[in-house]
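Just below is one structure, and these are the notes that go with it.
Excluded from the calculations below are hydrogen atoms, water molecules and symmetry mates; all remaining heavy atoms, backbone and side chain alike, are included. In each ligand, atom 1 is the first atom listed, and ligand 1 is the first ligand listed.
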Amino acid sequence: MRASQYLLATVKETPSDAETASHQLMIRAGLIRKLATGLYTWLPLGLRVLRKVTEVVREEMDKAGAMEVSMPIVQPAELWLETGRWQTMGPELLRFKDRHDRDFCLGPTHEEVITDLVRNEINSYRQLPANLYQIQTKFRDERRPRFGVMRAREFTMKDAYSFHMNQESLDQTYQVMHATYSAIFSRLGLDFRPVAADSGNIGGNTSHEFHVLADSGEDEIVFSSDGNYAANMEMATGTLPPLPQETSRRAKHEVATGDAHSIEDLCTHLSINATACVKTLVVQGCDAEGEKSGELIALYLRGDQTLNETKTAKLARVFSPLEFADDEVIEATLGCKPGAIGPSSKCAFSYADPSVLGLVNFVCGANKEDTHFIDANWDDETRYDEVADIRCVQEGDISPDGKGTLAVKRGIEVGHIFQLGDKYSAALKATALDENGKSVVMSMGCYGIGVTRVVAACIEQNHDEHGIIWPENIAPYSLVIVQVDAHKSELVRTVSEEIYQLAQGLGIEVLLDDRDKKTSPGVKFADSELIGIPHRLVISPRSLADGVVEYKRRGEADKQLLASETVAGFVSSLAAGENS
Ligand code: ATP
Ligand code: MG
C-alpha cells in the first residue's frame, strides 16, 4: 500500500477525553474514530489489526472443533420473555419496537437466540456435544462507556455456546475452551492470566476470566506467589497474617469521639491503628424468597479491611443487589448516625468477617451519637450471628491453598468462560433424546472474547512514548519503507520502488511512505513509530550516496546500516520471518 493513496489518519494532539494510553494511541495512530459515546468507526489501519486478531481467534476456535455461525443482532422480545431476562436485564439491554409495534432488542449476548436455534435443530445425543460460535457485533448500553473500544457500547465479541447431554461432556468442552483461550492469547503475544471468576447473574457455576495484565485495567485480580491459586477480586479468598493480640481482656468503656466518624479520623483521634477497630456496615436484608424484607443486616469487618460486595450480596440473609441502609433508617433503628454504629442486636441478623474474630480489646461504635467503645470484646452483649467471608483480600494475605502469599494486580478482562448448566436450556426447553430415548435438558457452556477490547489491551501492553509497538503477527503492516526527499532524487524513487515491489512479491505486508514533500521526513519517521510498524527501511539521497540503507526495528533504540546490495537479501529474510 502506498501512503500517498491511503487514509493514514494520524494526529499529533492527544485527544482530551482519552485517559488511557491505548485510547490515546488508537485515536492518534488513526485506528479508530468516535461517532458518539461508546460508538467507534474502525479506520483502514485499525481494521487490518482487528481482522488479524479475529483470524487468530477463528483459527483456534475452528481447531477446537467449534462451528462458526452468524446470528442477527436484532432479537425478538419473545425469547427474552421466555428466559425472564426481558424483565431482569437493566437498561443495558437496548429495547425498541418495529413498525408493527413488536418488541425487539439489540443483542448484548446471544444465549436466547442460540438456544432457540439448537432446540429446533438438535434433538438427539448423536448430534452432541456441539459448540457453535460467531464473531459479531454486540450492543450494550453501558452505564459508563470509556477508554475507547475498551468499554464501548457497540463492540465485537467472539461468543461461543456449547451443548451437552451431561456434565461430564460439558466439563470436557470447558477444558478445551480454557486451553483454546490460552492458545489465542499466547499467539497474540499478551501477558495474561486465567482466574477463577464469579459467574454473576448470567447464571451457572464454574467460570474463569482471562485478564491481560495492565495498570490501567478496571479489574483487580489476585494470585498466589507459589501455588496455582488465581481468582478475580470478587471471588478471591485469603487469610490475613495473624497480628499479635493482648492476652487479657479489659472491661469495655465508652469514650467521646466527637466528629471522628470515619475509621481514619477515629484512629487519629484515639491514636490507634485501624487494625484495632471493628467497622460496622448496615445493609438491607431479604426473606427466604430473596425479596427485600425491610430488616437490617449488620456486617463486621476489621477497620483496615474493605467490604467485598459480591461475596456479601450472596449471603442468605442479605438482599441482592447489595443495598446499604439509609442514614435515616440507621438512625431510627440503631439510635445514632452511621459514624458511631457498632455491633448491635437491633439489627435482624449480623455477619462477622473472620478478620474480627481474634480481636481483643478492640474499638467499635457504641450506637450512641459521637461515642465509641474502647476495650470491647466479643461476648454476650457484643456479639454476631454468623461468621462469613465478606472481605476483599489484600496483597500479602496467605493464599487459600496455603502456598505462598497473594499478590493483587490490575487486569483487563479479555475473555470469559462459563458453565451455564441448564439455566437457559431449561427455560427454553432445549432437550435431546438420550440413548434410551429419554428426553434430557441439554447442559450449556458459553465462552466470550472481547475481540475489539483485545486490540486496546494489546496496545496497553505494547507501547512507548513514541507510539504503538505491535507484535509481529497482528501489526497492520510488517514493513514500512520511508522515502526521504524523493522529490529531489530519482534514485530514492527507483530504489524504494524496487524494494517495495520485491517485498510485495515476497508476500510481505508493506507500506511505502511515498507522501510528497508536504510531509517532512520527521513526520514520516514519527508516524511510522506512532503506528508501530515492526520493521522500517529509510531510503534517503544521503545514505544511498554512502551506499547504505537505514534499518530500524520498532521498539529498539539502535539503527542499523545495511549495505545497499544486501537489502534484497535482508527483505527476503524478513519474509522468511528471520528478523522477528
Ligand atoms: P465487563 O465486566 O468488562 O463489563 P462482562 O463480564 O460484562 O465484561 P461478558 O459478558 O463476560 O462481559 O462478555 C465477554 C467479553 O466481552 C468480556 O470478557 C470482554 O472482553 C468483552 N466485553 C464486555 N463488555 C464490553 C464492552 N462494553 N466493550 C468492549 N468489550 C466488552
Ligand atoms: Mg465477564
Side-chain angles (χ1 to χ4, degrees), residues 20 22-23 26 32 34-40 42 46 50 53-54 57 61 73 85 88-94 106-112 114 133-161 177-178 180-182 184-185 188 190 192-204 206-214 216-221 231-235 309-310 321 410-420 423-424 444-460:
T20 54
S22 60
H23 188 188
M26 288 184 83
I32 56 165
K34 180 168 151 181
L35 172 65
T37 304
L39 305 178
Y40 289 88
W42 286 78
L50 185 59
V53 172
T54 308
V57 173
M61 289 302 291
I73 303 171
R85 287 210 286 185
T88 53
M89 269 248 183
E92 221 182 62
L93 183 68
L94 185 63
L106 287 185
T109 175
H110 277 69
E111 283 82 9
E112 278 79 1
I114 194 81
Y133 80 98
Q134 62 176 348
I135 300 176
Q136 189 244 31
T137 302
K138 294 280 178 280
F139 189 91
R140 296 181 179 181
D141 204 351
E142 294 272 355
R143 191 170 54 88
R144 211 174 154 209
R146 55 183 187 156
F147 306 153
V149 297
M150 193 85 90
R151 182 167 297 285
R153 294 198 293 169
E154 188 177 307
F155 58 97
T156 309
M157 197 198 288
K158 185 286 295 173
D159 46 330
Y161 308 86
M177 281 297 102
H178 194 292
T180 299
Y181 274 38
S182 294
I184 289 170
F185 298 128
L188 294 172
L190 295 166
F192 70 96
R193 296 279 187 291
V195 302
D198 180 45
S199 39
N201 50 16
I202 201 160
T206 306
S207 168
H208 286 85
E209 289 169 355
F210 287 74
H211 284 267
V212 163
L213 301 183
S216 59
E218 288 187 285
D219 298 314
E220 278 187 313
I221 56 170
N232 69 10
M233 185 52 94
E234 293 173 344
M235 279 275 287
E309 299 196 5
T310 309
R410 296 206 79 82
I412 301 166
E413 183 194 319
V414 286
H416 199 168
I417 58 177
F418 288 87
Q419 291 199 4
L420 295 170
K423 183 174 158 121
Y424 298 96
M444 282 176 69
C446 79
Y447 318 94
I449 291 183
V451 181
T452 39
R453 183 181 282 183
V454 163
V455 176
C458 182
I459 296 174
E460 287 297 325

**OP:** Check each of Glu142, His416, Met157 against atom 11 (O) of ligand 1 and report the one with the nearest heavy atom.
**Re:** His416
**OP:** Walk me through it: do Cys458 and Leu190 pass the test side-chain contact (heavy atoms from CB on, under 4.5 Å)?
**Re:** CA-CA 7 Å; Cys458 182; Leu190 295 166; 3.9 Å; yes
**OP:** Please say which of Asp219, Asn232, Ile221 ends up in a side-chain contact (heavy atoms from CB on, under 4.5 Å) with Glu413.
**Re:** Asp219
Subject >> Met157 side chain near Gln134 side chain, heavy-atom distance below 4.5 Å >> reply: no
Subject >> Non-hydrogen atoms of Leu106 and Leu93 that approach each other most closely >> reply: O-CD1, 4.0 Å
Original post:
Side chains of Thr310 and Met235: closer than 4.5 Å at any heavy-atom pair?
Top reply: no
**OP:** Going by heavy-atom distance to atom 29 (C) of ligand 1, choose the closest among Arg146, Met150, Lys138, Glu413.
**Re:** Met150
Original post:
Between Arg85 and Tyr424, does a side-chain contact (heavy atoms from CB on, under 4.5 Å) hold up when you go through it step by step?
Top reply: CA-CA 10 Å; Arg85 287 210 286 185; Tyr424 298 96; 3.0 Å; yes
**OP:** With heavy atoms of Arg140 as the reference, note each atom of ligand 1 found under 4.0 Å away.
**Re:** 5 (P), 7 (O), 9 (P), 10 (O), 12 (O), 13 (O), 23 (C), 24 (N)
**OP:** Output yes when a side-chain donor or acceptor of Lys158 lies under 3.5 Å from a complementary backbone atom of Tyr447, and no otherwise.
**Re:** yes
Subject >> Residue and atom names of protein N/O/S atoms that fall under 2.8 Å from the Mg ion (ligand 2) >> reply: Glu413 OE2, His416 ND1
Original post:
Stepwise, does the side-chain contact (heavy atoms from CB on, under 4.5 Å) test hold for Glu154 with Tyr40?
Top reply: CA-CA 8 Å; Glu154 188 177 307; Tyr40 289 88; over 6 Å; no
Original post:
Hey, looking at atom 25 (C) of ligand 1, which of Arg144, Arg453, Lys158, Glu154 has the closest heavy atom?
Top reply: Arg453
**OP:** Below 4.0 angstrom from a heavy atom of Gly450, which ligand 1 atoms are there? Numbered from 1 as shown, please.
**Re:** 15 (C), 16 (O), 20 (O), 21 (C)
Original post:
Should the proximity of Asp219 to ligand 1, defined as any heavy atom under 4.0 Å, be assigned to the side chain, the backbone, both, or neither?
Top reply: neither
**OP:** Between Gly217, Ala152, Ala197, Ser207, flag the one that comes closest to atom 28 (N) of ligand 1 by a heavy atom.
**Re:** Ala152
Original post:
Atoms of ligand 1 less than 4.0 Å from Val414 heavy atoms?
Top reply: 18 (O), 20 (O)
**OP:** Would you check if the side chain of Arg193 reaches a backbone N or O of Val212 as a donor-acceptor pair within less than 3.5 Å?
**Re:** no
**OP:** Could you walk me through whether Arg410 and Glu220 pass the side-chain contact (heavy atoms from CB on, under 4.5 Å) test, one step at a time?
**Re:** CA-CA 5 Å; Arg410 296 206 79 82; Glu220 278 187 313; 3.5 Å; yes
